[in-house]
Amino acid sequence: METTARLTTLDAGGGCAAKYAAGRLEELLAGFAPASTDDLLVGLSPADDAAVYRLDDERALVFTTDFFPPMVDDPAVFGAIAAANALNDIFAMGARPLLALSIAALPEELPVEAARAIFDGAAEKVAEAGAVLAGGHTIRDAETKYGLAAIGTVHPDAIWRKSEARPGDALFLTKPLGTGLVLTAARKRAVSEGDVAAAVASMTELNAGAAELIRSYEPSAVTDVTGFGLLGHVHEMAERSGVRIVLDGSAIPPLPGALAAAQRGLTTGGDPRNREYVARSVDLGDLASDLAAVAFDPQTSGGLLVALPAERSAVLTAAFDAEDRFISAIGRVAEGSGVEVVS
(Lines give C-alpha, C1' and ligand atoms only; values in the text may rest on other atoms or scores of the structure.)
Protein backbone atom coordinates (compact mmCIF):
# COMPACT_ATOMS: atom_id res chain seq x y z
CA MET A 1 0.00 0.00 0.00
CA GLU A 2 1.42 3.41 -0.99
CA THR A 3 1.39 6.08 1.70
CA THR A 4 2.80 9.58 2.08
CA ALA A 5 5.04 8.49 4.98
CA ARG A 6 8.18 6.36 5.02
CA LEU A 7 7.84 4.51 8.29
CA THR A 8 11.55 3.89 8.82
CA THR A 9 12.33 7.63 8.74
CA LEU A 10 10.17 8.17 11.83
CA ASP A 11 12.22 6.15 14.32
CA ALA A 12 15.75 5.59 15.55
CA GLY A 13 15.89 1.82 14.99
CA GLY A 14 13.46 -0.89 14.03
CA GLY A 15 12.44 -4.45 14.65
CA CYS A 16 13.98 -6.58 17.36
CA ALA A 17 17.22 -4.59 17.08
CA ALA A 18 15.35 -2.10 19.29
CA LYS A 19 15.38 -4.59 22.17
CA TYR A 20 16.77 -3.43 25.50
CA ALA A 21 20.30 -4.77 25.89
CA ALA A 22 20.19 -8.30 27.29
CA GLY A 23 22.83 -7.62 29.94
CA ARG A 24 21.05 -4.52 31.19
CA LEU A 25 17.75 -6.42 31.20
CA GLU A 26 19.22 -9.12 33.43
CA GLU A 27 20.50 -6.43 35.79
CA LEU A 28 17.13 -4.69 35.79
CA LEU A 29 15.21 -7.86 36.65
CA ALA A 30 17.70 -9.24 39.17
CA GLY A 31 15.85 -10.00 42.38
CA PHE A 32 12.44 -9.24 40.93
CA ALA A 33 9.92 -12.07 41.21
CA PRO A 34 6.16 -12.27 40.64
CA ALA A 35 3.89 -13.15 43.55
CA SER A 36 4.37 -16.81 44.37
CA THR A 37 1.65 -19.21 43.20
CA ASP A 38 1.72 -22.88 42.30
CA ASP A 39 -0.26 -22.14 39.14
CA LEU A 40 2.41 -19.85 37.64
CA LEU A 41 4.24 -22.54 35.69
CA VAL A 42 6.60 -20.20 33.84
CA GLY A 43 7.50 -16.73 35.08
CA LEU A 44 10.91 -15.14 35.64
CA SER A 45 12.67 -17.98 37.45
CA PRO A 46 13.87 -18.83 34.91
CA ALA A 47 12.48 -16.40 32.34
CA ASP A 48 11.29 -17.79 29.03
CA ASP A 49 9.55 -16.61 25.84
CA ALA A 50 6.18 -16.17 27.56
CA ALA A 51 4.49 -16.54 30.92
CA VAL A 52 2.40 -19.66 31.56
CA TYR A 53 -0.46 -19.90 34.07
CA ARG A 54 -2.28 -23.17 34.80
CA LEU A 55 -6.08 -23.04 34.70
CA ASP A 56 -6.66 -26.71 35.48
CA ASP A 57 -5.14 -30.14 34.85
CA GLU A 58 -5.78 -29.89 31.09
CA ARG A 59 -5.25 -26.22 30.24
CA ALA A 60 -2.70 -23.50 30.81
CA LEU A 61 -2.69 -19.95 29.44
CA VAL A 62 0.41 -18.72 27.62
CA PHE A 63 0.71 -14.93 27.60
CA THR A 64 3.24 -12.67 25.89
CA THR A 65 3.69 -9.15 24.57
CA ASP A 66 6.07 -7.76 21.97
CA PHE A 67 6.27 -4.47 20.05
CA PHE A 68 8.91 -2.38 18.27
CA PRO A 69 9.54 0.43 15.75
CA PRO A 70 9.33 -0.26 11.99
CA MET A 71 12.10 -1.93 10.02
CA VAL A 72 10.31 -1.63 6.64
CA ASP A 73 8.47 1.23 4.99
CA ASP A 74 5.34 -0.61 3.86
CA PRO A 75 2.86 -0.24 6.76
CA ALA A 76 0.91 -3.42 6.01
CA VAL A 77 4.12 -5.46 5.87
CA PHE A 78 5.29 -3.85 9.12
CA GLY A 79 2.01 -4.82 10.81
CA ALA A 80 2.33 -8.40 9.55
CA ILE A 81 5.95 -8.70 10.74
CA ALA A 82 5.17 -7.25 14.17
CA ALA A 83 2.23 -9.61 14.59
CA ALA A 84 4.18 -12.67 13.46
CA ASN A 85 7.02 -11.78 15.81
CA ALA A 86 4.69 -11.58 18.83
CA LEU A 87 2.72 -14.71 17.93
CA ASN A 88 5.93 -16.68 17.49
CA ASP A 89 6.51 -16.48 21.25
CA ILE A 90 3.29 -18.46 21.67
CA PHE A 91 4.48 -21.12 19.22
CA ALA A 92 7.90 -21.23 20.92
CA MET A 93 6.19 -22.39 24.13
CA GLY A 94 4.43 -25.26 22.35
CA ALA A 95 1.08 -23.44 22.49
CA ARG A 96 -1.55 -22.34 19.99
CA PRO A 97 -2.73 -18.69 19.95
CA LEU A 98 -6.31 -17.73 20.76
CA LEU A 99 -6.54 -13.96 21.10
CA ALA A 100 -4.45 -10.84 20.53
CA LEU A 101 -4.69 -7.13 21.34
CA SER A 102 -2.86 -4.37 19.47
CA ILE A 103 -0.26 -2.21 21.17
CA ALA A 104 0.27 0.91 19.05
CA ALA A 105 2.13 4.21 19.37
CA LEU A 106 1.58 6.49 16.38
CA PRO A 107 2.80 9.97 15.46
CA GLU A 108 -0.01 12.40 14.75
CA GLU A 109 1.60 13.21 11.37
CA LEU A 110 1.34 9.57 10.26
CA PRO A 111 -1.45 9.37 7.65
CA VAL A 112 -4.55 7.55 8.86
CA GLU A 113 -4.33 5.31 5.80
CA ALA A 114 -0.86 4.16 6.84
CA ALA A 115 -2.00 3.50 10.42
CA ARG A 116 -4.97 1.49 9.15
CA ALA A 117 -2.69 -0.55 6.92
CA ILE A 118 -0.56 -1.50 9.94
CA PHE A 119 -3.64 -2.80 11.75
CA ASP A 120 -4.93 -4.60 8.66
CA GLY A 121 -1.59 -6.32 8.07
CA ALA A 122 -1.52 -7.47 11.69
CA ALA A 123 -5.14 -8.66 11.64
CA GLU A 124 -4.49 -10.83 8.58
CA LYS A 125 -1.49 -12.45 10.26
CA VAL A 126 -3.40 -13.07 13.49
CA ALA A 127 -6.22 -14.70 11.49
CA GLU A 128 -3.66 -16.86 9.67
CA ALA A 129 -2.47 -18.06 13.08
CA GLY A 130 -6.01 -19.16 13.93
CA ALA A 131 -6.54 -16.40 16.49
CA VAL A 132 -8.61 -13.22 16.77
CA LEU A 133 -7.41 -9.62 16.94
CA ALA A 134 -10.00 -8.24 19.34
CA GLY A 135 -8.94 -4.65 20.07
CA GLY A 136 -6.03 -2.97 21.79
CA HIS A 137 -4.65 0.37 22.95
CA THR A 138 -3.21 3.25 20.91
CA ILE A 139 -1.29 6.30 22.11
CA ARG A 140 0.40 9.29 20.48
CA ASP A 141 4.19 9.09 20.21
CA ALA A 142 7.00 10.71 18.26
CA GLU A 143 7.97 7.29 16.87
CA THR A 144 5.78 4.62 15.30
CA LYS A 145 5.68 1.43 17.33
CA TYR A 146 3.41 -1.58 16.96
CA GLY A 147 3.01 -5.06 18.39
CA LEU A 148 0.66 -7.41 20.18
CA ALA A 149 -0.28 -8.77 23.55
CA ALA A 150 -1.15 -12.36 22.68
CA ILE A 151 -2.57 -15.29 24.59
CA GLY A 152 -2.75 -18.99 23.78
CA THR A 153 -3.29 -22.35 25.41
CA VAL A 154 -1.19 -25.43 26.01
CA HIS A 155 -1.50 -28.59 28.11
CA PRO A 156 0.41 -28.05 31.38
CA ASP A 157 2.51 -31.16 30.65
CA ALA A 158 3.34 -30.10 27.08
CA ILE A 159 5.01 -26.73 27.67
CA TRP A 160 8.24 -26.14 25.75
CA ARG A 161 10.92 -24.39 27.79
CA LYS A 162 14.32 -23.10 26.72
CA SER A 163 15.83 -24.44 29.97
CA GLU A 164 15.59 -28.19 29.39
CA ALA A 165 18.20 -29.00 26.73
CA ARG A 166 20.02 -32.24 27.56
CA PRO A 167 23.46 -33.67 26.73
CA GLY A 168 23.06 -35.83 23.63
CA ASP A 169 20.49 -33.53 22.02
CA ALA A 170 20.94 -32.26 18.49
CA LEU A 171 20.31 -28.56 17.79
CA PHE A 172 18.23 -27.25 14.90
CA LEU A 173 17.21 -23.86 13.48
CA THR A 174 14.05 -23.41 11.39
CA LYS A 175 14.84 -20.12 9.59
CA PRO A 176 18.04 -18.71 8.10
CA LEU A 177 19.66 -15.68 9.75
CA GLY A 178 20.51 -12.10 8.86
CA THR A 179 17.32 -10.03 8.74
CA GLY A 180 19.03 -7.09 10.43
CA LEU A 181 22.00 -7.20 8.07
CA VAL A 182 19.84 -7.39 4.96
CA LEU A 183 17.57 -4.54 6.00
CA THR A 184 20.55 -2.39 6.98
CA ALA A 185 22.04 -3.01 3.56
CA ALA A 186 18.70 -2.19 1.95
CA ARG A 187 18.67 1.27 3.51
CA LYS A 188 22.06 1.87 1.90
CA ARG A 189 20.86 0.40 -1.41
CA ALA A 190 23.56 -2.24 -1.08
CA VAL A 191 21.44 -5.34 -1.54
CA SER A 192 19.14 -6.68 -4.27
CA GLU A 193 15.35 -6.48 -4.21
CA GLY A 194 15.27 -10.27 -4.23
CA ASP A 195 17.37 -10.45 -1.08
CA VAL A 196 15.08 -7.95 0.67
CA ALA A 197 12.04 -9.94 -0.46
CA ALA A 198 13.55 -13.12 1.00
CA ALA A 199 14.14 -11.38 4.34
CA VAL A 200 10.60 -10.01 4.40
CA ALA A 201 9.18 -13.44 3.54
CA SER A 202 11.12 -14.92 6.46
CA MET A 203 9.93 -12.24 8.90
CA THR A 204 6.27 -12.56 7.90
CA GLU A 205 6.32 -16.37 8.14
CA LEU A 206 4.66 -17.70 11.27
CA ASN A 207 6.47 -20.45 13.16
CA ALA A 208 3.16 -22.33 13.38
CA GLY A 209 3.98 -24.92 10.71
CA ALA A 210 7.43 -25.61 12.11
CA ALA A 211 6.00 -25.96 15.61
CA GLU A 212 3.38 -28.46 14.45
CA LEU A 213 6.06 -30.67 12.88
CA ILE A 214 8.34 -30.41 15.91
CA ARG A 215 5.54 -31.29 18.35
CA SER A 216 5.43 -34.91 17.14
CA TYR A 217 9.09 -35.43 18.07
CA GLU A 218 8.87 -34.25 21.71
CA PRO A 219 11.68 -31.68 21.80
CA SER A 220 13.74 -31.19 24.95
CA ALA A 221 13.96 -27.40 24.66
CA VAL A 222 12.67 -24.72 22.28
CA THR A 223 13.02 -20.96 21.95
CA ASP A 224 12.74 -18.49 19.10
CA VAL A 225 15.70 -16.50 17.77
CA THR A 226 15.00 -12.76 17.91
CA GLY A 227 16.76 -9.63 19.11
CA PHE A 228 19.66 -11.25 20.99
CA GLY A 229 20.81 -13.03 17.82
CA LEU A 230 21.54 -16.72 17.39
CA LEU A 231 24.45 -16.69 19.83
CA GLY A 232 22.51 -14.76 22.47
CA HIS A 233 19.65 -17.23 22.40
CA VAL A 234 21.97 -20.26 22.27
CA HIS A 235 23.76 -18.82 25.31
CA GLU A 236 20.45 -18.52 27.17
CA MET A 237 19.51 -22.11 26.34
CA ALA A 238 22.90 -23.39 27.47
CA GLU A 239 23.04 -21.36 30.67
CA ARG A 240 19.48 -22.07 31.79
CA SER A 241 19.75 -25.76 30.93
CA GLY A 242 23.10 -26.19 32.68
CA VAL A 243 24.76 -27.61 29.54
CA ARG A 244 27.41 -26.79 26.95
CA ILE A 245 26.26 -26.16 23.39
CA VAL A 246 28.65 -26.83 20.52
CA LEU A 247 27.74 -25.01 17.31
CA ASP A 248 28.96 -25.99 13.86
CA GLY A 249 30.15 -22.68 12.41
CA SER A 250 29.94 -23.99 8.84
CA ALA A 251 26.24 -24.81 9.38
CA ILE A 252 25.19 -21.27 10.37
CA PRO A 253 22.59 -20.51 7.65
CA PRO A 254 22.60 -16.93 6.24
CA LEU A 255 19.77 -15.32 4.32
CA PRO A 256 20.61 -14.24 0.77
CA GLY A 257 22.59 -11.00 0.97
CA ALA A 258 23.42 -11.29 4.68
CA LEU A 259 27.03 -12.43 4.26
CA ALA A 260 27.67 -9.77 1.62
CA ALA A 261 26.33 -7.11 3.99
CA ALA A 262 28.57 -8.41 6.78
CA GLN A 263 31.58 -8.38 4.47
CA ARG A 264 30.89 -4.69 3.77
CA GLY A 265 31.12 -4.04 7.51
CA LEU A 266 27.41 -3.30 7.93
CA THR A 267 25.78 -4.08 11.29
CA THR A 268 22.77 -3.03 13.33
CA GLY A 269 22.89 -1.24 16.66
CA GLY A 270 22.06 -4.54 18.38
CA ASP A 271 25.25 -6.28 17.20
CA PRO A 272 27.67 -4.81 19.77
CA ARG A 273 25.15 -5.27 22.59
CA ASN A 274 24.73 -8.94 21.66
CA ARG A 275 28.50 -9.46 21.56
CA GLU A 276 28.87 -7.87 24.98
CA TYR A 277 26.07 -10.03 26.41
CA VAL A 278 27.81 -13.34 25.64
CA ALA A 279 31.46 -12.25 25.73
CA ARG A 280 32.31 -14.41 28.76
CA SER A 281 30.44 -17.53 27.73
CA VAL A 282 30.91 -17.93 23.96
CA ASP A 283 34.12 -19.23 22.38
CA LEU A 284 34.02 -18.32 18.68
CA GLY A 285 37.12 -20.37 17.82
CA ASP A 286 38.22 -19.51 14.28
CA LEU A 287 34.75 -18.57 13.06
CA ALA A 288 35.03 -16.16 10.11
CA SER A 289 34.09 -12.58 10.96
CA ASP A 290 31.27 -12.44 8.41
CA LEU A 291 29.63 -15.59 9.81
CA ALA A 292 30.12 -14.22 13.33
CA ALA A 293 28.25 -11.07 12.27
CA VAL A 294 25.38 -13.25 11.02
CA ALA A 295 25.36 -15.20 14.30
CA PHE A 296 25.25 -11.99 16.38
CA ASP A 297 22.75 -10.22 14.10
CA PRO A 298 19.47 -9.30 15.87
CA GLN A 299 16.66 -11.22 14.21
CA THR A 300 13.12 -9.96 13.79
CA SER A 301 10.55 -12.78 13.77
CA GLY A 302 13.28 -15.40 13.57
CA GLY A 303 12.94 -19.16 13.53
CA LEU A 304 12.74 -21.74 16.30
CA LEU A 305 15.90 -23.00 18.00
CA VAL A 306 15.20 -26.63 18.87
CA ALA A 307 17.05 -29.19 20.97
CA LEU A 308 15.83 -32.79 20.75
CA PRO A 309 17.34 -36.26 21.18
CA ALA A 310 19.84 -36.88 18.39
CA GLU A 311 18.28 -40.21 17.41
CA ARG A 312 15.19 -38.30 16.22
CA SER A 313 17.21 -35.97 13.96
CA ALA A 314 16.83 -37.90 10.72
CA VAL A 315 13.06 -38.28 10.96
CA LEU A 316 12.62 -34.62 11.96
CA THR A 317 14.67 -33.45 8.99
CA ALA A 318 12.75 -35.77 6.67
CA ALA A 319 9.44 -34.36 7.93
CA PHE A 320 10.57 -30.82 7.20
CA ASP A 321 11.90 -31.82 3.78
CA ALA A 322 8.59 -33.50 2.94
CA GLU A 323 6.79 -30.19 3.49
CA ASP A 324 9.54 -28.18 1.79
CA ARG A 325 10.24 -26.31 5.03
CA PHE A 326 13.62 -24.94 5.96
CA ILE A 327 15.56 -26.62 8.77
CA SER A 328 19.27 -26.69 9.52
CA ALA A 329 21.19 -28.92 11.95
CA ILE A 330 23.54 -26.44 13.60
CA GLY A 331 25.08 -28.20 16.58
CA ARG A 332 24.78 -30.44 19.60
CA VAL A 333 24.33 -30.33 23.36
CA ALA A 334 27.09 -31.66 25.61
CA GLU A 335 28.07 -31.83 29.26
CA GLY A 336 29.59 -28.66 30.68
CA SER A 337 28.76 -24.98 30.32
CA GLY A 338 28.99 -22.16 27.82
CA VAL A 339 28.90 -22.12 24.03
CA GLU A 340 31.65 -23.28 21.69
CA VAL A 341 31.77 -22.71 17.93
CA VAL A 342 33.73 -25.29 15.93
CA SER A 343 34.50 -25.52 12.21
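Quick caveat, the model's predicted, so the values are computed rather than measured.
Using a 4.0 Å cut-off between charged nitrogen and carboxylate oxygen, Glu205 and Arg325 count as a salt-bridge pair. We find that Glu164 and Arg166 are not joined by a salt bridge, their nearest charged nitrogen and carboxylate oxygen being 4.0 Å or further apart. Using a cutoff of 4.0 Å between basic side-chain nitrogens and carboxylate oxygens, Arg332 and Asp169 are not scored as salt-bridged. In this structure, Arg273 does not pair ionically with Glu276, as no charged nitrogen and carboxylate oxygen lie closer than 4.0 Å. Ionic pairing of Arg244 and Glu340 is present here: one or more N-O contacts between side-chain nitrogen and carboxylate oxygen are shorter than 4.0 angstrom.
Screening Met237, Glu236, Arg240 for a side chain to side chain contact (heavy atoms under 4.5 Å, CB included) involving Ser163 leaves a single residue, Arg240.
The hydrophobic cluster containing Leu213, built from Ile/Leu/Val/Met/Phe/Trp/Tyr side-chain heavy atoms closer than 4.5 Å, also comprises Trp160, Phe172, Ile214, Tyr217, Val222, Leu304, Val306, Leu308, Val315, Leu316, Phe320, Ile327. Through ILVMFWY side-chain contacts below 4.5 Å, Ile139 is grouped with nothing and stands alone.
To the nearest 0.5 Å, atom OG of residue Ser220 and atom CZ of residue Arg312 are 7.0 Å apart. Summarising the geometry, atom CG belonging to Leu230 is positioned 8.5 Å from atom NE2 belonging to His233; distances are rounded to the nearest 0.5 Å. We find the CG-CD distance between Asp157 and Glu58 to be 8.5 Å, quoted to the nearest 0.5 Å. One finds the CZ atom of Phe78 at 9.5 Å from the NZ atom of Lys145 (value rounded to the nearest 0.5 Å). Put simply, OH on Tyr53 and CG on Leu61 are 9.0 Å apart, with the number rounded to the nearest 0.5 Å. The CG atom of Leu173 sits 10.0 Å away from atom CG of Leu247, with the distance rounded to the nearest 0.5 Å.
Note on Val126 and Leu206: same hydrophobic cluster, where clusters join Ile, Leu, Val, Met, Phe, Trp and Tyr whose side-chain heavy atoms are under 4.5 Å apart, directly or indirectly.
Among residues at least two apart or in separate chains, side-chain hydrogen bond (donor to acceptor under 3.5 Å, both in side chains) pairs with a member in residues 282-294 are Gln263-Asp290, Asp286-Ser343. Applying the ring pair (Phe, Tyr, Trp, His ring centres under 6.0 Å) test to residues at least two apart or on different chains, the pairs with a partner in residues 101-127 are Phe119-Tyr146. Residue pairs that meet the side-chain hydrogen bond (donor to acceptor under 3.5 Å, both in side chains) test with at least one member in residues 252-261, sequence neighbours left out, do not exist here.
In this structure, Tyr277 and His235 have perpendicular ring planes: the angle between them is above 60°, well past the 30° mark.
Closest heavy-atom contact between Pro107 and Ala142: CG-O, 3.7 Å. Of all heavy-atom pairs spanning Lys175 and Ser301, the tightest one is NZ-O, 2.8 Å. Here the closest heavy-atom approach between residue Phe296 and residue Asn274 is recorded as O-ND2, 2.9 Å.
Using a 4.5 Å cut-off on side-chain heavy atoms (C-beta onward), Ile103 and Leu148 make no contact.
A donor-acceptor contact closer than 3.5 angstrom is absent between the side chains of Asp271 and Thr268. Checking Asp224 against Thr226 by side-chain atom types alone, no donor-acceptor pair falls below 3.5 Å.
The main-chain N or O of Ala84 is found under 3.5 Å from a side-chain atom of Asn88 such that the two form a donor-acceptor pair. One N or O on the side chain of Thr179 and one on the backbone of Thr300 form a donor-acceptor pair closer than 3.5 Å.
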Identify every side-chain donor-acceptor pair in residues 89-100 under 3.5 Å, counting partners at least two apart or on other chains, and give the distances.
unit_1, atom_1, unit_2, atom_2, d
Asp89, OD2, Thr64, OG1, 3.2
Arg96, NE, Glu212, OE2, 3.2
Arg96, NH2, Glu212, OE1, 3.3
Arg96, NH2, Glu212, OE2, 3.0

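Atom CD of Glu108 has 12 or fewer neighbouring heavy atoms from other residues, nucleotides or ligands inside a 6.0 Å radius.
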